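Written out below as structure tokens is the structure these notes cover.
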There are 2 protein chains.
Amino acid sequence: MAAVDALSPQSPNRRRDEGVTAELDSTDRKILELLQKDARLPNKDLAERVGVAPSTALERVRSLRRRGLITAFRAEVDTQALGRPLEALLAMRVRPHTSQLVEPLRAFVLGLPETIALFHVAGPQDFLVHVAVPDADHLHRLILERILVRQEIVHLETTLIFRTERRTVQGPVS
Amino acid sequence: MAAVDALSPQSPNRRRDEGVTAELDSTDRKILELLQKDARLPNKDLAERVGVAPSTALERVRSLRRRGLITAFRAEVDTQALGRPLEALLAMRVRPHTSQLVEPLRAFVLGLPETIALFHVAGPQDFLVHVAVPDADHLHRLILERILVRQEIVHLETTLIFRTERRTVQGPVS
DNA sequence: ATTGAAACCGTCCCGAG
DNA sequence: CTCGGGACGGTTTCAAT
């Protein structure tokens with residue numbers, strides 16, 4: 001087994017505590033990188049690839065979860081293989097923009113089986129809804145018959161998505 | 001390395017035009033649901049919760065991977081805990097919209113450490129880039145000093161994200 | 001905080017229904 | 001396709017450093 005790399009020494013002066021944000025050494029960063037690529041990577045392999053003992057790797061992962069850096073382990077499903085090859089973004093404006101109207105709408109949108117994600121945004125649009133549907137006709141009916149019937153939505157713009165690409169998240173950017 | 005599994009023969013010669021869409025029975029759907037919530041759910045527990053034997057559950061999951069319904073198991077990291085609490089969507093128009101310009105730009109955007117996701121969209125905007133940054137100043141500099149210096153980007157609109165919410169993907173929508 | 005070793009337990013292959 | 005048994009191997013705990 002290889003000797004442990006030179007760990008970055010803890011800075012003598014700790015910065016202001018940024019909430020749950022903790023300092024990540026290079027081992028933590030490698031673990032995050034690897035588990036983002038494969039959440040089911042056996043702990044033994046993980047340990048080997050980051051250069052620590054299995055028990056240490058186990059504790060590191062637990063610590064990352066406790067500190068909130070890892071929020072979940074999830075299986076990624078392909079909406080195309082699921083029979084919903086068409087994706088779109090629905091940008092909607094809600095008026096009046098009060099929480100009494102926004103909150104029920106948020107719950108409604110998240111309750112739609114077509115919804116993949118919901119962005120609460122600033123700007124002329126208030127909501128951005130990411131949906132996946134079987135075809136254009138389904139999208140059309142979804143918008144007209146289930147979304148636009150809600151009177152609090154005063155404007156809606158549909159943007160078709162050709163492709164979605166995701167990146168693994170790196171550590172704090174420079 | 002847990003890359004894509006080896007090719008496997010298509011066991012049942014069912015309908016040919018259903019694309020990769022396979023028929024999902026209720027067991028498959030339950031498995032997808034549970035593994036989206038927790039990719040590390042032990043196979044034994046998974047089997048118990050869907051009501052089959054562990055060996056059966058194992059084969060179901062493998063089949064779901066082979067058929068492309070499950071594309072990956074990933075750890076989800078919290079960008080806020082990572083020190084990048086500010087998210088934004090950058091909508092950019094690229095002109096001329098040729099693949100000779102688009103492809104390098106796509107590679108560039110995906111290479112940025114700030115990038116979380118990239119949407120290739122239809123409409124007046126061509127790209128939608130989801131980024132996470134430490135603060136507004138970082139975002140400002142990212143846009144001015146690294147993105148807008150590229151001459152093929154003729155327009156850019158920034159939308160701040162207050163909150164992102166994701167849903168687990170259900171089976172084929174009715 | 002990290003480690004090695006041991007006990008535990010889930011995974012996974014296989015033969016059968 | 002499903003199931004149970006059993007060998008294998010990984011996970012997890014713990015005392016020590």
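Naming: A, B, ... by sequence-line order, numbering from 1 per chain. It should be emphasised that the depicted structure is a prediction, and the values quoted were computed from it without experimental measurement.
- A donor-acceptor pair shorter than 3.5 Å can be found between the side chains of A:Arg67 and A:Ser63.
- Judged by distance alone, the side chains of A:Glu114 and A:His138 do bring a donor and an acceptor atom under 3.5 Å apart.
- Separation of the B:His120 and B:Phe127 ring centroids falls under the 6.0 Å cut-off.
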Shorter than 3.5 Å, N or O on both sides, protein versus nucleotides 8-12 of chain C: list them out with atom names.
| from | atom 1 | to | atom 2 | distance (Å) |
| --- | --- | --- | --- | --- |
| C:dG10 | OP2 | B:Lys44 | NZ | 3.0 |
| C:dT11 | OP1 | B:Asn43 | N | 2.3 |
| C:dT11 | OP2 | B:Asn43 | N | 3.2 |
| C:dT11 | OP2 | B:Lys44 | N | 2.8 |

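- Annotation for A:His155: atom NE2 counts as buried by contact number, over 12 foreign heavy atoms lying within 6.0 Å.
- Here the side chains of B:Thr115 and B:His130 are not in contact, with every heavy-atom distance at 4.5 Å or above.
- Distances shown here put a side-chain N or O of A:Arg60 below 4.0 Å from the OP1 or OP2 atom of C:dT2.
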